[in-house]
Protein chains: 2
Amino acid sequence: MPATDLPRRGIPDATVARLPAYLRVLGIMAEAGVRSTSSLELAQAVGVHPAKVRKDLSHLGSHGVRGVGYDVAHLTVEISRELGLTRDWPVVIVGLGNLGRALAGHAGLSSRGFSVAGLFDADPAVIGQSVSGLTISPMSAIADLPRAADTVGVIATPAAAAQVVADQLVAAGITSILNCAPAAIVVPAPVDVRRVDIASELQILAFHKQRRTAAPALAVAP
Amino acid sequence: MPATDLPRRGIPDATVARLPAYLRVLGIMAEAGVRSTSSLELAQAVGVHPAKVRKDLSHLGSHGVRGVGYDVAHLTVEISRELGLTRDWPVVIVGLGNLGRALAGHAGLSSRGFSVAGLFDADPAVIGQSVSGLTISPMSAIADLPRAADTVGVIATPAAAAQVVADQLVAAGITSILNCAPAAIVVPAPVDVRRVDIASELQILAFHKQRRTAAPALAVAP
DNA sequence: AGGACTTTGTGCAGTCCTTCACAAGCGCGT
DNA sequence: ACGCGCTTGTGAAGGACTGCACAAAGTCCT
(Lines give C-alpha, C1' and ligand atoms only; values in the text may rest on other atoms or scores of the structure.)
Protein backbone atom coordinates (compact mmCIF):
# COMPACT_ATOMS: atom_id res chain seq x y z
CA MET A 1 0.00 0.00 0.00
CA PRO A 2 2.88 2.44 0.50
CA ALA A 3 3.81 1.13 -2.93
CA THR A 4 7.34 2.29 -2.25
CA ASP A 5 8.76 -1.07 -3.06
CA LEU A 6 11.38 -1.06 -0.37
CA PRO A 7 11.31 -4.72 -1.30
CA ARG A 8 12.07 -5.95 2.19
CA ARG A 9 15.27 -6.98 0.54
CA GLY A 10 16.22 -8.29 3.88
CA ILE A 11 16.01 -11.14 6.23
CA PRO A 12 12.88 -11.47 8.36
CA ASP A 13 13.31 -10.29 11.92
CA ALA A 14 12.26 -13.67 13.23
CA THR A 15 15.11 -15.25 11.30
CA VAL A 16 17.67 -12.70 12.48
CA ALA A 17 16.66 -13.47 16.04
CA ARG A 18 17.52 -17.12 15.52
CA LEU A 19 20.83 -16.68 13.73
CA PRO A 20 22.82 -16.18 16.95
CA ALA A 21 21.50 -19.49 18.23
CA TYR A 22 22.60 -21.30 15.09
CA LEU A 23 25.95 -19.61 15.35
CA ARG A 24 26.41 -20.78 18.89
CA VAL A 25 25.57 -24.38 18.07
CA LEU A 26 27.89 -24.29 15.08
CA GLY A 27 30.68 -23.04 17.32
CA ILE A 28 30.21 -25.94 19.69
CA MET A 29 30.17 -28.37 16.77
CA ALA A 30 33.34 -26.92 15.32
CA GLU A 31 35.07 -27.24 18.67
CA ALA A 32 34.01 -30.86 18.83
CA GLY A 33 35.53 -31.44 15.42
CA VAL A 34 32.24 -31.85 13.58
CA ARG A 35 32.68 -30.92 9.93
CA SER A 36 29.17 -31.16 8.58
CA THR A 37 25.64 -31.00 9.94
CA SER A 38 22.03 -31.10 8.80
CA SER A 39 18.95 -28.98 9.27
CA LEU A 40 17.53 -31.70 11.50
CA GLU A 41 20.55 -31.74 13.78
CA LEU A 42 20.65 -27.97 14.02
CA ALA A 43 16.92 -27.86 14.66
CA GLN A 44 17.14 -30.27 17.56
CA ALA A 45 20.07 -28.45 19.09
CA VAL A 46 18.30 -25.12 18.95
CA GLY A 47 14.83 -26.44 19.63
CA VAL A 48 12.98 -25.40 16.48
CA HIS A 49 11.40 -27.07 13.48
CA PRO A 50 13.81 -28.33 10.79
CA ALA A 51 11.92 -26.59 8.00
CA LYS A 52 12.39 -23.34 9.85
CA VAL A 53 16.12 -23.89 9.93
CA ARG A 54 16.21 -24.55 6.21
CA LYS A 55 14.15 -21.49 5.39
CA ASP A 56 16.19 -19.34 7.71
CA LEU A 57 19.45 -20.47 6.16
CA SER A 58 18.10 -20.16 2.65
CA HIS A 59 17.75 -16.45 3.28
CA LEU A 60 21.51 -16.24 3.37
CA GLY A 61 21.75 -17.94 0.01
CA SER A 62 22.18 -21.58 -0.88
CA HIS A 63 25.03 -22.82 1.19
CA GLY A 64 23.86 -26.35 1.91
CA VAL A 65 24.50 -29.41 -0.21
CA ARG A 66 21.51 -31.58 -0.96
CA GLY A 67 21.79 -35.07 0.32
CA VAL A 68 24.66 -34.02 2.57
CA GLY A 69 23.87 -31.02 4.71
CA TYR A 70 25.74 -27.89 5.69
CA ASP A 71 29.45 -27.36 6.12
CA VAL A 72 29.98 -26.18 9.67
CA ALA A 73 32.88 -23.84 8.97
CA HIS A 74 31.34 -22.33 5.87
CA LEU A 75 27.98 -21.78 7.48
CA THR A 76 29.64 -20.15 10.46
CA VAL A 77 31.29 -17.64 8.17
CA GLU A 78 28.07 -16.95 6.28
CA ILE A 79 26.02 -16.28 9.39
CA SER A 80 28.79 -14.19 10.91
CA ARG A 81 28.95 -12.07 7.81
CA GLU A 82 25.22 -11.62 7.73
CA LEU A 83 25.16 -10.54 11.37
CA GLY A 84 28.02 -8.14 10.78
CA LEU A 85 30.44 -10.00 13.00
CA THR A 86 33.33 -10.15 10.58
CA ARG A 87 34.58 -7.12 12.41
CA ASP A 88 34.64 -6.37 16.12
CA TRP A 89 32.11 -3.94 17.55
CA PRO A 90 33.09 -1.88 20.57
CA VAL A 91 30.82 -2.15 23.59
CA VAL A 92 30.60 0.17 26.57
CA ILE A 93 29.07 -0.94 29.82
CA VAL A 94 27.37 1.57 32.07
CA GLY A 95 26.83 0.58 35.67
CA LEU A 96 29.31 -1.77 37.33
CA GLY A 97 27.30 -3.52 39.95
CA ASN A 98 27.26 -7.27 39.91
CA LEU A 99 25.55 -7.39 36.56
CA GLY A 100 27.93 -4.96 34.90
CA ARG A 101 30.92 -6.82 36.26
CA ALA A 102 29.50 -10.11 35.04
CA LEU A 103 29.26 -8.59 31.58
CA ALA A 104 32.69 -7.02 31.66
CA GLY A 105 34.22 -10.34 32.53
CA HIS A 106 32.06 -12.28 30.11
CA ALA A 107 34.48 -14.20 27.92
CA GLY A 108 31.66 -14.86 25.49
CA LEU A 109 31.60 -11.26 24.32
CA SER A 110 35.08 -11.06 22.86
CA SER A 111 34.71 -14.46 21.26
CA ARG A 112 31.49 -13.39 19.58
CA GLY A 113 32.47 -10.25 17.79
CA PHE A 114 32.49 -7.67 20.55
CA SER A 115 35.18 -5.99 22.58
CA VAL A 116 34.58 -4.12 25.78
CA ALA A 117 35.84 -0.64 25.04
CA GLY A 118 34.79 1.25 28.13
CA LEU A 119 33.28 1.02 31.59
CA PHE A 120 31.29 3.87 33.11
CA ASP A 121 29.63 4.48 36.42
CA ALA A 122 28.27 7.45 38.31
CA ASP A 123 29.31 6.25 41.76
CA PRO A 124 32.56 7.95 42.89
CA ALA A 125 33.29 4.93 45.06
CA VAL A 126 33.78 2.66 42.07
CA ILE A 127 35.27 5.12 39.58
CA GLY A 128 38.92 4.32 39.10
CA GLN A 129 38.56 0.68 40.05
CA SER A 130 39.87 -1.83 37.57
CA VAL A 131 37.60 -4.54 36.22
CA SER A 132 38.86 -7.17 33.80
CA GLY A 133 41.78 -4.97 32.85
CA LEU A 134 39.80 -1.80 32.26
CA THR A 135 39.46 1.21 34.50
CA ILE A 136 36.01 2.47 35.37
CA SER A 137 35.49 6.01 34.11
CA PRO A 138 33.10 8.62 35.44
CA MET A 139 29.83 8.77 33.57
CA SER A 140 30.58 12.27 32.35
CA ALA A 141 33.46 10.91 30.27
CA ILE A 142 31.00 9.18 27.98
CA ALA A 143 30.69 12.40 26.02
CA ASP A 144 34.23 11.97 24.70
CA LEU A 145 33.75 8.45 23.50
CA PRO A 146 35.56 7.79 20.23
CA ARG A 147 33.77 5.87 17.46
CA ALA A 148 30.47 6.39 19.23
CA ALA A 149 28.51 5.70 16.07
CA ASP A 150 29.95 2.18 15.97
CA THR A 151 29.58 1.51 19.64
CA VAL A 152 26.90 -0.47 21.39
CA GLY A 153 25.92 0.82 24.81
CA VAL A 154 24.85 -1.56 27.54
CA ILE A 155 22.82 -0.21 30.44
CA ALA A 156 23.40 -2.26 33.58
CA THR A 157 22.33 0.30 36.16
CA PRO A 158 19.45 0.23 38.61
CA ALA A 159 16.08 0.96 37.09
CA ALA A 160 15.95 4.51 38.38
CA ALA A 161 19.03 5.54 36.42
CA ALA A 162 18.19 3.84 33.15
CA GLN A 163 16.49 6.75 31.41
CA VAL A 164 19.15 9.28 32.38
CA VAL A 165 21.89 6.98 31.21
CA ALA A 166 20.06 6.32 27.97
CA ASP A 167 19.83 10.04 27.32
CA GLN A 168 23.55 10.42 27.94
CA LEU A 169 24.38 7.54 25.62
CA VAL A 170 22.27 9.04 22.88
CA ALA A 171 23.83 12.45 23.43
CA ALA A 172 27.26 10.87 23.07
CA GLY A 173 26.30 9.58 19.65
CA ILE A 174 25.50 5.95 20.40
CA THR A 175 22.75 4.50 18.24
CA SER A 176 22.47 0.95 19.55
CA ILE A 177 21.53 0.25 23.14
CA LEU A 178 21.02 -2.93 25.09
CA ASN A 179 18.96 -2.18 28.15
CA CYS A 180 19.52 -4.67 30.95
CA ALA A 181 17.92 -2.47 33.60
CA PRO A 182 14.40 -3.41 34.68
CA ALA A 183 12.87 -0.27 33.21
CA ALA A 184 11.46 0.92 29.94
CA ILE A 185 13.45 3.66 28.25
CA VAL A 186 12.39 6.11 25.59
CA VAL A 187 14.85 7.17 22.91
CA PRO A 188 14.67 9.20 19.71
CA ALA A 189 13.77 7.43 16.50
CA PRO A 190 17.05 6.40 14.91
CA VAL A 191 18.31 4.70 18.05
CA ASP A 192 17.86 0.95 18.25
CA VAL A 193 17.05 -0.49 21.66
CA ARG A 194 16.70 -4.07 22.81
CA ARG A 195 15.76 -5.18 26.28
CA VAL A 196 16.97 -8.02 28.45
CA ASP A 197 14.74 -8.37 31.45
CA ILE A 198 14.93 -11.31 33.77
CA ALA A 199 11.90 -10.37 35.85
CA SER A 200 9.73 -10.24 32.73
CA GLU A 201 10.93 -13.62 31.61
CA LEU A 202 10.17 -15.07 35.01
CA GLN A 203 6.69 -13.63 34.86
CA ILE A 204 6.11 -15.25 31.50
CA LEU A 205 7.28 -18.56 32.94
CA ALA A 206 4.91 -18.03 35.85
CA PHE A 207 2.03 -17.53 33.45
CA HIS A 208 2.67 -20.82 31.69
CA LYS A 209 3.21 -22.64 34.94
CA GLN A 210 0.01 -21.32 36.43
CA ARG A 211 -1.92 -22.21 33.33
CA ARG A 212 -0.58 -25.73 33.37
CA THR A 213 -1.51 -26.31 36.98
CA ALA A 214 -4.80 -24.43 36.81
CA ALA A 215 -6.17 -26.43 33.87
CA PRO A 216 -4.84 -29.92 34.48
CA ALA A 217 -7.08 -32.01 32.21
CA LEU A 218 -8.40 -29.65 29.61
CA ALA A 219 -7.43 -31.93 26.75
CA VAL A 220 -9.92 -34.55 27.88
CA ALA A 221 -13.29 -32.83 27.85
CA PRO A 222 -14.56 -30.01 25.62
CA MET B 1 6.41 -22.50 21.25
CA PRO B 2 5.74 -23.32 24.89
CA ALA B 3 5.06 -27.02 24.89
CA THR B 4 1.42 -26.25 25.63
CA ASP B 5 -0.56 -28.24 23.13
CA LEU B 6 -3.77 -27.11 24.73
CA PRO B 7 -6.34 -25.60 22.39
CA ARG B 8 -4.84 -22.14 22.86
CA ARG B 9 -8.10 -21.12 24.41
CA GLY B 10 -6.14 -18.36 25.98
CA ILE B 11 -4.22 -15.23 25.57
CA PRO B 12 -1.88 -14.96 22.57
CA ASP B 13 1.77 -15.48 23.40
CA ALA B 14 2.62 -12.09 21.98
CA THR B 15 0.25 -10.50 24.45
CA VAL B 16 1.58 -12.47 27.40
CA ALA B 17 5.07 -11.30 26.50
CA ARG B 18 3.93 -7.68 26.82
CA LEU B 19 1.97 -7.97 30.04
CA PRO B 20 5.05 -7.70 32.26
CA ALA B 21 5.94 -4.43 30.58
CA TYR B 22 2.49 -3.00 31.24
CA LEU B 23 2.71 -4.20 34.80
CA ARG B 24 5.99 -2.44 35.29
CA VAL B 25 4.71 0.85 33.93
CA LEU B 26 1.60 0.59 36.05
CA GLY B 27 3.76 0.08 39.12
CA ILE B 28 5.70 3.24 38.39
CA MET B 29 2.48 5.15 37.84
CA ALA B 30 1.00 3.89 41.09
CA GLU B 31 4.11 4.97 42.95
CA ALA B 32 3.80 8.40 41.42
CA GLY B 33 0.23 8.62 42.63
CA VAL B 34 -1.39 8.30 39.22
CA ARG B 35 -4.87 6.86 39.55
CA SER B 36 -5.94 6.44 35.99
CA THR B 37 -4.29 6.04 32.61
CA SER B 38 -5.13 5.48 28.96
CA SER B 39 -4.11 3.10 26.22
CA LEU B 40 -2.19 5.93 24.59
CA GLU B 41 -0.20 6.72 27.70
CA LEU B 42 0.59 3.07 28.32
CA ALA B 43 1.55 2.60 24.69
CA GLN B 44 4.02 5.45 24.74
CA ALA B 45 5.55 4.26 27.99
CA VAL B 46 6.26 0.76 26.71
CA GLY B 47 6.83 1.74 23.10
CA VAL B 48 4.02 0.00 21.24
CA HIS B 49 0.94 0.97 19.26
CA PRO B 50 -2.09 2.06 21.33
CA ALA B 51 -4.43 -0.32 19.52
CA LYS B 52 -2.16 -3.14 20.53
CA VAL B 53 -2.46 -2.12 24.17
CA ARG B 54 -6.24 -2.08 23.94
CA LYS B 55 -6.41 -5.45 22.25
CA ASP B 56 -3.98 -6.92 24.74
CA LEU B 57 -5.94 -5.66 27.69
CA SER B 58 -9.25 -6.70 26.18
CA HIS B 59 -8.03 -10.28 26.40
CA LEU B 60 -8.23 -9.97 30.16
CA GLY B 61 -11.84 -8.83 29.94
CA SER B 62 -13.28 -5.36 29.79
CA HIS B 63 -11.66 -3.43 32.57
CA GLY B 64 -11.37 -0.04 30.97
CA VAL B 65 -13.97 2.70 31.02
CA ARG B 66 -14.77 4.33 27.71
CA GLY B 67 -14.05 7.98 27.64
CA VAL B 68 -11.90 7.66 30.72
CA GLY B 69 -9.29 4.97 30.50
CA TYR B 70 -8.01 2.31 32.87
CA ASP B 71 -7.84 2.37 36.63
CA VAL B 72 -4.20 1.84 37.53
CA ALA B 73 -4.77 -0.19 40.69
CA HIS B 74 -7.48 -2.34 39.19
CA LEU B 75 -5.54 -3.06 36.04
CA THR B 76 -2.50 -3.98 38.09
CA VAL B 77 -4.53 -6.58 39.92
CA GLU B 78 -6.01 -7.98 36.72
CA ILE B 79 -2.68 -8.38 34.98
CA SER B 80 -1.09 -9.84 38.09
CA ARG B 81 -3.86 -12.36 38.36
CA GLU B 82 -3.55 -13.33 34.73
CA LEU B 83 0.19 -13.81 35.05
CA GLY B 84 -0.29 -15.86 38.18
CA LEU B 85 1.43 -13.37 40.44
CA THR B 86 -1.23 -13.19 43.13
CA ARG B 87 0.91 -15.70 44.94
CA ASP B 88 4.68 -15.82 45.31
CA TRP B 89 6.66 -18.31 43.26
CA PRO B 90 9.84 -19.72 44.72
CA VAL B 91 12.97 -19.28 42.63
CA VAL B 92 16.25 -21.12 42.95
CA ILE B 93 19.45 -19.75 41.47
CA VAL B 94 22.16 -22.09 40.31
CA GLY B 95 25.62 -20.63 39.86
CA LEU B 96 26.69 -17.74 42.04
CA GLY B 97 29.20 -15.91 39.97
CA ASN B 98 28.62 -12.24 39.36
CA LEU B 99 25.45 -12.89 37.44
CA GLY B 100 23.96 -15.18 40.05
CA ARG B 101 24.78 -12.72 42.80
CA ALA B 102 23.22 -9.91 40.85
CA LEU B 103 20.05 -11.95 40.62
CA ALA B 104 20.08 -13.01 44.24
CA GLY B 105 20.32 -9.41 45.31
CA HIS B 106 17.84 -8.19 42.74
CA ALA B 107 15.20 -6.34 44.70
CA GLY B 108 12.94 -6.46 41.68
CA LEU B 109 12.32 -10.16 42.10
CA SER B 110 10.62 -10.13 45.45
CA SER B 111 8.60 -7.09 44.51
CA ARG B 112 7.36 -8.82 41.39
CA GLY B 113 5.95 -12.06 42.70
CA PHE B 114 9.04 -14.13 43.26
CA SER B 115 11.05 -15.09 46.32
CA VAL B 116 14.53 -16.49 46.18
CA ALA B 117 14.20 -19.85 47.89
CA GLY B 118 17.60 -21.36 47.34
CA LEU B 119 21.11 -20.79 46.02
CA PHE B 120 23.19 -23.64 44.61
CA ASP B 121 26.68 -23.95 43.27
CA ALA B 122 29.08 -26.74 42.49
CA ASP B 123 32.23 -24.91 43.55
CA PRO B 124 33.31 -25.93 47.08
CA ALA B 125 34.95 -22.53 47.47
CA VAL B 126 31.63 -20.70 47.43
CA ILE B 127 29.42 -23.30 49.12
CA GLY B 128 28.51 -22.07 52.56
CA GLN B 129 28.96 -18.42 51.72
CA SER B 130 26.06 -16.17 52.48
CA VAL B 131 24.51 -14.02 49.75
CA SER B 132 21.63 -11.67 50.44
CA GLY B 133 20.80 -13.55 53.61
CA LEU B 134 20.81 -17.02 52.08
CA THR B 135 23.49 -19.66 52.34
CA ILE B 136 24.82 -21.25 49.18
CA SER B 137 24.13 -24.98 49.13
CA PRO B 138 26.00 -27.66 47.22
CA MET B 139 24.46 -28.55 43.92
CA SER B 140 23.72 -32.06 45.12
CA ALA B 141 21.23 -30.65 47.61
CA ILE B 142 18.92 -29.65 44.78
CA ALA B 143 17.48 -33.16 44.82
CA ASP B 144 15.83 -32.46 48.19
CA LEU B 145 14.17 -29.25 47.09
CA PRO B 146 10.69 -28.88 48.57
CA ARG B 147 7.85 -27.68 46.34
CA ALA B 148 9.94 -28.36 43.29
CA ALA B 149 6.88 -28.45 41.04
CA ASP B 150 6.15 -24.83 41.93
CA THR B 151 9.71 -23.64 41.71
CA VAL B 152 11.37 -21.80 38.87
CA GLY B 153 15.01 -22.68 38.31
CA VAL B 154 17.45 -20.08 37.08
CA ILE B 155 20.66 -21.24 35.46
CA ALA B 156 23.43 -18.66 35.92
CA THR B 157 26.42 -20.91 35.41
CA PRO B 158 29.07 -20.88 32.70
CA ALA B 159 27.97 -22.32 29.38
CA ALA B 160 29.77 -25.60 29.88
CA ALA B 161 27.72 -26.46 32.96
CA ALA B 162 24.32 -25.44 31.66
CA GLN B 163 23.16 -28.77 30.31
CA VAL B 164 24.26 -30.73 33.37
CA VAL B 165 22.53 -28.27 35.66
CA ALA B 166 19.40 -28.38 33.56
CA ASP B 167 19.31 -32.17 33.85
CA GLN B 168 19.67 -31.91 37.62
CA LEU B 169 16.90 -29.34 37.86
CA VAL B 170 14.58 -31.53 35.83
CA ALA B 171 15.48 -34.57 37.90
CA ALA B 172 14.62 -32.59 41.03
CA GLY B 173 11.14 -31.99 39.68
CA ILE B 174 11.43 -28.44 38.39
CA THR B 175 9.32 -27.73 35.31
CA SER B 176 10.12 -24.08 34.59
CA ILE B 177 13.64 -22.99 33.78
CA LEU B 178 15.15 -19.65 32.94
CA ASN B 179 18.46 -20.20 31.21
CA CYS B 180 20.82 -17.25 31.56
CA ALA B 181 23.87 -19.22 30.48
CA PRO B 182 25.10 -18.64 26.95
CA ALA B 183 24.24 -22.13 25.81
CA ALA B 184 21.28 -24.00 24.40
CA ILE B 185 19.85 -26.67 26.66
CA VAL B 186 17.67 -29.62 25.81
CA VAL B 187 14.97 -30.72 28.23
CA PRO B 188 12.13 -33.23 28.15
CA ALA B 189 8.79 -32.14 26.79
CA PRO B 190 6.78 -30.90 29.77
CA VAL B 191 9.52 -28.57 30.95
CA ASP B 192 9.22 -24.95 29.93
CA VAL B 193 12.45 -23.11 29.15
CA ARG B 194 13.09 -19.48 28.36
CA ARG B 195 16.44 -18.00 27.48
CA VAL B 196 18.06 -14.73 28.39
CA ASP B 197 21.16 -14.23 26.34
CA ILE B 198 23.03 -11.00 26.19
CA ALA B 199 25.45 -12.05 23.49
CA SER B 200 22.58 -12.95 21.18
CA GLU B 201 20.90 -9.62 21.78
CA LEU B 202 24.13 -7.81 21.01
CA GLN B 203 24.47 -9.76 17.79
CA ILE B 204 20.98 -8.76 16.76
CA LEU B 205 21.86 -5.14 17.48
CA ALA B 206 24.99 -5.57 15.41
CA PHE B 207 22.93 -6.83 12.52
CA HIS B 208 20.69 -3.77 12.50
CA LYS B 209 23.61 -1.44 12.96
CA GLN B 210 25.52 -2.98 10.10
CA ARG B 211 22.51 -2.84 7.86
CA ARG B 212 21.93 0.81 8.64
CA THR B 213 25.50 1.80 7.85
CA ALA B 214 25.83 -0.52 4.86
CA ALA B 215 22.80 0.91 3.02
CA PRO B 216 22.91 4.59 3.88
CA ALA B 217 20.64 6.19 1.29
CA LEU B 218 18.28 3.60 -0.03
CA ALA B 219 15.26 5.85 0.11
CA VAL B 220 16.74 8.23 -2.43
CA ALA B 221 17.71 5.94 -5.29
CA PRO B 222 15.38 4.52 -7.97
C1' DA C 1 -30.84 17.76 30.23
C1' DG C 2 -28.43 17.37 26.21
C1' DG C 3 -24.76 17.54 23.11
C1' DA C 4 -19.88 17.44 22.35
C1' DC C 5 -15.80 15.18 23.45
C1' DT C 6 -13.04 11.41 24.83
C1' DT C 7 -11.48 6.74 24.97
C1' DT C 8 -12.50 1.89 24.88
C1' DG C 9 -13.52 -2.50 22.51
C1' DT C 10 -13.59 -4.94 18.14
C1' DG C 11 -14.55 -6.57 13.16
C1' DC C 12 -11.61 -6.64 9.31
C1' DA C 13 -8.01 -6.53 6.06
C1' DG C 14 -3.29 -6.94 5.44
C1' DT C 15 1.27 -8.71 6.69
C1' DC C 16 4.47 -11.69 8.60
C1' DC C 17 5.70 -16.16 10.01
C1' DT C 18 5.35 -21.16 10.31
C1' DT C 19 4.64 -25.66 8.59
C1' DC C 20 3.69 -28.97 5.10
C1' DA C 21 4.79 -31.41 1.12
C1' DC C 22 7.45 -32.33 -2.63
C1' DA C 23 10.61 -31.69 -6.51
C1' DA C 24 15.52 -30.96 -7.32
C1' DG C 25 20.10 -32.24 -6.55
C1' DC C 26 23.96 -34.84 -4.74
C1' DG C 27 26.75 -38.97 -3.30
C1' DC C 28 27.21 -43.82 -2.89
C1' DG C 29 26.87 -48.62 -3.81
C1' DT C 30 26.32 -52.00 -7.22
C1' DA D 1 26.80 -45.91 -15.49
C1' DC D 2 22.73 -45.84 -13.11
C1' DG D 3 19.33 -45.95 -9.87
C1' DC D 4 18.54 -45.32 -4.70
C1' DG D 5 18.38 -42.89 -0.60
C1' DC D 6 19.21 -38.79 1.69
C1' DT D 7 18.80 -33.77 2.45
C1' DT D 8 18.15 -29.23 0.76
C1' DG D 9 15.39 -25.45 -1.16
C1' DT D 10 10.82 -23.62 -1.89
C1' DG D 11 5.80 -22.91 -3.46
C1' DA D 12 1.67 -22.80 -1.20
C1' DA D 13 -1.58 -23.23 2.58
C1' DG D 14 -2.69 -22.03 7.02
C1' DG D 15 -2.31 -19.39 11.30
C1' DA D 16 -1.02 -15.61 14.27
C1' DC D 17 -0.42 -10.91 14.98
C1' DT D 18 -0.81 -5.97 13.83
C1' DG D 19 -2.98 -1.70 12.79
C1' DC D 20 -7.01 0.64 11.04
C1' DA D 21 -11.41 2.50 11.37
C1' DC D 22 -15.44 3.01 13.68
C1' DA D 23 -19.37 2.08 16.72
C1' DA D 24 -20.36 1.95 21.63
C1' DA D 25 -20.29 4.07 25.95
C1' DG D 26 -19.03 7.02 29.39
C1' DT D 27 -17.89 12.05 31.23
C1' DC D 28 -18.01 16.95 31.34
C1' DC D 29 -19.57 21.49 30.19
C1' DT D 30 -23.10 24.62 29.24
Side-chain angles (χ1 to χ4, degrees), chain A residues 1-19 21-22 26 29 34-72 74-75 78-79 82 204 207-208, chain B residues 1-19 21-22 26 29 34-72 74-75 78-79 82 204 207-208:
Chain A
M1 133 199 348
T4 334
D5 65 339
L6 279 183
R8 288 241 20 90
R9 181 202 53 113
I11 300 180
D13 283 343
T15 292
V16 173
R18 282 186 295 266
L19 291 181
Y22 300 145
L26 289 169
M29 287 178 173
V34 177
R35 288 298 191 85
S36 171
T37 185
S38 68
S39 62
L40 181 62
E41 206 174 11
L42 275 171
Q44 288 170 341
V46 175
V48 301
H49 195 286
K52 211 187 282 189
V53 174
R54 291 201 295 276
K55 189 148 281 190
D56 284 345
L57 298 182
S58 76
H59 282 115
L60 318 184
S62 265
H63 299 293
V65 180
R66 299 178 191 224
V68 177
Y70 299 92
D71 181 81
V72 170
H74 181 227
L75 195 54
E78 287 305 319
I79 297 180
E82 193 59 45
I204 296 169
F207 171 83
H208 292 305
Chain B
M1 190 57 99
T4 326
D5 41 343
L6 298 180
R8 295 256 13 97
R9 180 205 51 122
I11 301 180
D13 283 343
T15 293
V16 173
R18 282 185 295 267
L19 291 181
Y22 301 144
L26 288 169
M29 286 179 174
V34 178
R35 288 299 191 86
S36 171
T37 184
S38 68
S39 62
L40 180 62
E41 206 174 11
L42 276 170
Q44 289 169 340
V46 306
V48 301
H49 194 284
K52 211 187 283 191
V53 174
R54 291 201 295 276
K55 190 152 285 190
D56 283 346
L57 297 182
S58 76
H59 281 115
L60 319 183
S62 264
H63 299 293
V65 179
R66 298 176 191 224
V68 178
Y70 300 91
D71 181 81
V72 170
H74 181 227
L75 195 54
E78 288 304 320
I79 297 180
E82 194 58 46
I204 296 169
F207 171 83
H208 292 305

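Bear in mind that the values here come from a model prediction, so they are computed numbers and not experimental data.
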(message) Output the rounded distance in Å from CG (B/Asp13) to C1' (D/dC17).
(response) 11 Å
(message) Between C1' on C/dT7 and NZ on B/Lys52, what's the gap in Å once rounded to a whole number?
(response) 20 Å
(request) Grab the CZ-P distance between B/Arg54 and D/dA21 for me, whole Å please. (result) 12 Å
(message) Between the base of C/dT19 and the side chain of A/Lys55, is there a donor and acceptor pair under 3.5 angstrom?
(response) yes
(request) Taking the side chain as every heavy atom from C-beta outward, state whether B/Ile79 and B/Arg18 have any atom pair closer than 4.5 Å. (result) no
(request) Check whether any side-chain nitrogen or oxygen of A/Ser39 sits under 4.0 Å from OP1 or OP2 of D/dT7, and answer yes or no. (result) no
(message) I want to check one thing: is the phosphate of D/dC20, taken as OP1 and OP2, less than 4.0 Å away from some side-chain N or O of B/His49?
(response) yes
(message) If you only use heavy atoms from C-beta on, which nucleotide in D/dT18, D/dT10, C/dT18 is closest to the side chain of A/Arg18?
(response) C/dT18
(request) Taking the side chain as every heavy atom from C-beta outward, state whether B/Tyr22 and B/Leu75 have any atom pair closer than 4.5 Å. (result) no
(message) Please identify which of these residues, B/Asp71, B/Val34, B/Thr37, meets the side chain to side chain contact (heavy atoms under 4.5 Å, CB included) condition with B/Leu26.
(response) B/Thr37
(request) Round to a whole Å and report the spacing from CG of B/Asp56 to C1' of D/dG19. (result) 12 Å
(request) Could you tell me whether A/His63 contacts a base, only the sugar-phosphate backbone, or nothing, with contacts defined as non-hydrogen atoms closer than 4.0 Å? (result) sugar-phosphate
(message) From the set C/dC26, C/dG9, C/dC20, return the single nucleotide nearest to any side-chain atom of A/Ala51.
(response) C/dC20
(request) Spell out yes or no: do the side chain of B/Arg66 and the base of C/dT8 have one donor N/O and one acceptor N/O closer than 3.5 Å? (result) yes
(request) Rounded off to whole Å, could you give me the CG-to-P distance for the B/Leu40 and C/dG9 pair? (result) 15 Å
(request) Would you kindly give the CG-to-P distance between B/Leu19 and D/dC17, to the nearest whole Å? (result) 13 Å
(request) Could you check if a side-chain atom of A/Val48 sits within less than 4.5 angstrom of a side-chain atom of A/Asp56, using non-hydrogen atoms only? (result) no
(request) Measure from NE2 on A/His59 to P on D/dT8 and round the result to the nearest Å. (result) 16 Å
(message) Against A/Ser39, only a single residue in A/Arg54, A/Lys55, A/His49 fulfils side-chain hydrogen bond (donor to acceptor under 3.5 Å, both in side chains); can you say which?
(response) A/Arg54
(message) Would you say A/Tyr70 places a side-chain N or O within less than 4.0 Å of OP1 or OP2 belonging to D/dG9?
(response) yes
(request) Tell me whether the OP1 or OP2 atom of D/dT7 has a side-chain N or O from A/Ser38 closer than 4.0 Å. (result) no
